[in-house]
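Have a look at the structure below, then the notes.
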Amino acid sequence: MAQIIIRNVRKEFGDFTAVQNSSFTIEDGEFFMLLGPSGCGKTTTLRMIAGLELPTSGEIFLDGEEISQKPPSQRDIAFVFQMFALYPHFNVRKNLSYPLVSQGMPRAQVKAKVAEVAEILGITGILNRPVGGLSGGDRQRVALGRAIVRDPKAFMMDEPLGALDAEFREHMAEELRALHDRMNATTVYVTHDQLEAMQMGDKIVVMNNAVVEQFGTPQEIYDKPATMFVADFIGSPSMNFLKFSGKIANGATEVMLGDQMHAIPRQMQGAAGDLIYGVRPEHVILSDASSYRGKVLATEYLGTTQIVTLDTPNGDIKARIDSAQVARVGETVGLTFEAPKVTLFDTATGLALHSELNSEVLANG
Amino acid sequence: MAEVILKHLSKSFGTDVALDDVSLTIPDGAFVVLLGPTGAGKTTTLRLISGLEKADGGEVWIDGRNVAGEMPSQRDIAMVFQQYSLYPHLTVRDNLAFPLKSPILRTPKSEIDRKVGEVAEVLQISHKLDNKATALSGGEMQRVSIGRALVRDPAIYLMDEPLSSLDAKLRTDLRVELKRIQANLGATLLYVTHDQIEAMTMATHVGVLNEGKLVQFGTPREIYENPNSLYVASRLGLPRINVLPADIFGNVPHGTTQIGLRPEHIRQGEGLNAVVQRVEHLGDQNRLHLVLNGHIITTIADPASEYEPGTHLKITPNNPLCFDASGDRIR
């Protein structure tokens with residue numbers, strides 16, 4: 001198993017730049033998510049690590065060795081695709097043993113290895129069945145098994161759960177993560193689903209328009225987004241952006257929204273012009289005491305919690321509150337915000353302003 | 001708008017029973033969501049109401065009429081499908097106006113213009129009215145196809161997973177929008193989905209379908225807080241309800257074979273000793289996967305909580321739901 005370092009990697013297809021200048025490190029044994037909307041360059045990045053595309057420039061290190069221009073066969077990486085392709089005329093055992101037999105491994109060793117992998121995946125009972133009659137879940141387990149059986153240095157997975165329906169997908173996500181915890185294999189996983197990324201990943205790279213927007217643990221990215229794109233893409237509902245214009249001094253601890261001062265984490269960077277007061281829905285508090293008011297536009301019941309959409313002097317926002325708390329459409333309520341969790345953004349650049357909350361994370365890129 | 005009543009509706013396709021004796025009243029002005037997995041009978045119900053399929057047994061009543069003998073066009077319904085099918089050669093305006101230009105309706109031009117303008121306003125596509133339908137994004141196209149239903153003033157709107165092909169952000173926005181439009185128009189709407197979030201957030205009433213049978217009908221809150229079977233309890237709630245053997249915490253009513261324990265209904269710090277197996281940081285909450293006597297239990301914790309795998313944690317149930325061997329609720 002291995003560490004993977006991506007350094008200044010760039011990929012162009014003719015005039016089109018798919019990946020601009022990516023740098024990040026995937027530590028040995030990590031479950032690493034490449035997250036972003038379609039067309040952001042995440043799959044291209046994965047394919048460059050696997051050797052299915054060659055970077056236009058930059059370096060990729062696998063276990064200390066620079067491999068960016070090597071063919072896939074020399075990289076010792078296993079790739080699991082969205083549409084798992086099995087050999088339909090083979091049974092499960094033959095599907096699993098094929099990669100080993102073709103490497104020239106002795107028969108007894110192949111048998112032992114296949115048995116071990118089947119045990120890990122819980123498919124020992126179906127080894128002699130033809131793959132044709134298997135359920136979707138078992139087919140996917142076999143496809144995974146065929147990747148695992150080679151003992152590669154790392155696994156690349158391109159939306160392996162993308163084709164599954166919601167219920168089964170949730171189940172397989174848990175299974176995949178549990179499998180990773182048993183094997184501790186470095187895994188790079190591409191998805192456009194932020195919840196999947198948060199749930200499964202040790203670390204996440206968020207990409208947009210060929211650029212790495214942020215790289216960190218799920219909680220860091222959620223609490224301390226580096227850009228407005230990340231703040232918006234992660235979390236459901238996403239972060240509220242209250243628009244305001246003003247001037248913020250380095251060291252400021254409050255800002256003017258509407259006609260009221262609101263506390264913020266101590267700023268470590270000044271800014272002026274069109275700015276954003278960014279606050280997560282669960283950090284919006286309905287409180288009659290506040291003179292900052294919002295009108296309830298909609299409520300959405302979610303069981304224990306509810307989402308309330310509010311019209312404020314700084315635009316529409318959403319609050320996540322206890323479903324036992326009363327919020328009636330049409331009523332006007334007072335609002336306060338959990339100041340220590342607030343991030344300010346500069347609208348022009350889309351970047352977060354450095355503050356006591358996020359400076360450590362943002363300094364790491 | 002009108003009330004729609006289904007009486008003992010049944011439908012089979014060959015040996016497959018798609019719908020089995022479903023009776024249901026959709027009150028005037030209600031937003032009813034039928035929830036169920038693929039194959040539960042959701043779409044069949046819509047097709048029977050619209051007249052695209054003929055029932056084997058039972059009746060459909062729309063606005064006080066038994067519509068058995070009526071063609072789809074006579075039933076006064078508007079339907080929105082999962083896949084938007086717009087006329088690609090027409091502008092957004094002409095797509096929206098199309099249903100009103102039907103020779104049967106004889107709508108005056110000024111009335112058509114007014115209706116189209118109004119609906120475009122509500123759906124926030126006024127600025128795109130003169131675009132070709134094909135020059136729109138996926139979300140805009142779906143809004144136009146919803147709009148094409150809304151320009152009419154039918155007895156009931158039938159919608160078949162209209163948001164499922166859209167991306168997550170847009171779906172969230174349109175959920176709120178659709179609910180608002182329905183409330184403003186006072187429209188009667190029957191909406192089918194397999195997405196529990198859509199059902200909970202938009203519906204005035206939820207009907208839960210299981211293999212062609214309507215197993216519970218009530219407000220989202222009733223369905224969530226007071227499910228009458230384990231099946232219904234498992235359909236709503238994220239993370240999913242924990243299903244555990246009856247005796248795991250002791251003390252359950254006679255006849256209970258399993259309990260359902262919602263992740264948020266577990267108190268931490270007292271009770272039995274569980275071991276943390278995995279922690280997911282979802283941002284607004286931490287999801288804990290615990291093991292108690294060999295059973296996996298999911299619960300939630302504050303995002304600031306710092307549990308590591310291997311940590312011991314005492315838990316006790318808070319209002320577990322009790323079920324008998326056939327999955328029916330024991331109260």
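A, B, ... follow the sequence lines: proteins, then strands. Residue 1 opens every chain. As the structure is a prediction and not an experimental result, all values here were calculated from the model.
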Under 4.5 Å from a heavy atom of chain A, the part of [X] involved:
X	value
B:Arg171	neither
B:Asn286	side chain
B:Leu238	side chain

Item to check | Spacing of A:Ser323 atom OG and B:Glu225 atom CD [to the nearest 0.5 Å] | outcome: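 Here the interatomic distance stands at 6.5 Å.
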Checklist entry - How long is the gap from NE2 on B:His281 to CD1 on A:Ile204, to the nearest 0.5 Å? => result 11.0 Å
Considering all heavy atoms, the nearest [X]-[Y] contact:
X	Y	answer
B:Glu264	A:Thr304	OE2-OG1, 2.5 Å
A:Gln219	B:Pro303	NE2-CB, 3.9 Å
B:Arg240	A:Glu170	NH2-OE1, 3.5 Å

Using a 6.0 Å cut-off, check whether atom [atom1] of [X] has over 12 heavy atoms from anything other than its own residue.
X	atom1	value
A:Asp311	CG	yes
B:Gln285	CD	yes
A:Arg182	CZ	yes

Item to check | Region of A:Thr217 in contact with chain B, defined by heavy-atom distances below 4.5 Å | outcome: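 For A:Thr217, there is no contact with chain B at all, as no heavy atom is under 4.5 Å.
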Item to check | Region of A:Asp193 in contact with chain B, defined by heavy-atom distances below 4.5 Å | outcome: neither
Item to check | Side-chain heavy-atom pair A:Tyr222, B:Asp284 within 4.5 angstrom cut-off | outcome: yes
Checklist entry - Side-chain contact, heavy-atom cut-off 4.5 Å: A:Glu300 with B:Lys179? => result no
Item to check | Most contacts with chain A, counted as non-hydrogen pairs under 4.5 angstrom, among B:His265, B:Arg278, B:Arg180, B:Gln277 | outcome: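 Most heavy-atom pairs under 4.5 Å with chain A: B:Arg278.
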Checklist entry - If you tally heavy-atom pairs under 4.5 Å against chain B, which of A:Glu220, A:Glu282, A:Arg280 wins? => result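 Among the listed options, the one with the most contacts to chain B is A:Glu282.
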Next on the checklist: Counting heavy-atom pairs under 4.5 Å with chain B, which one of A:Arg177, A:Lys318, A:Gln194, A:Gln199 comes out on top?
Outcome noted: A:Gln199
Checklist entry - Given A:Glu174 and B:His289, is the side-chain contact (heavy atoms from CB on, under 4.5 Å) satisfied, shown in steps? => result CA-CA 10 Å; A:Glu174 268 168 35; B:His289 298 267; 3.8 Å; yes
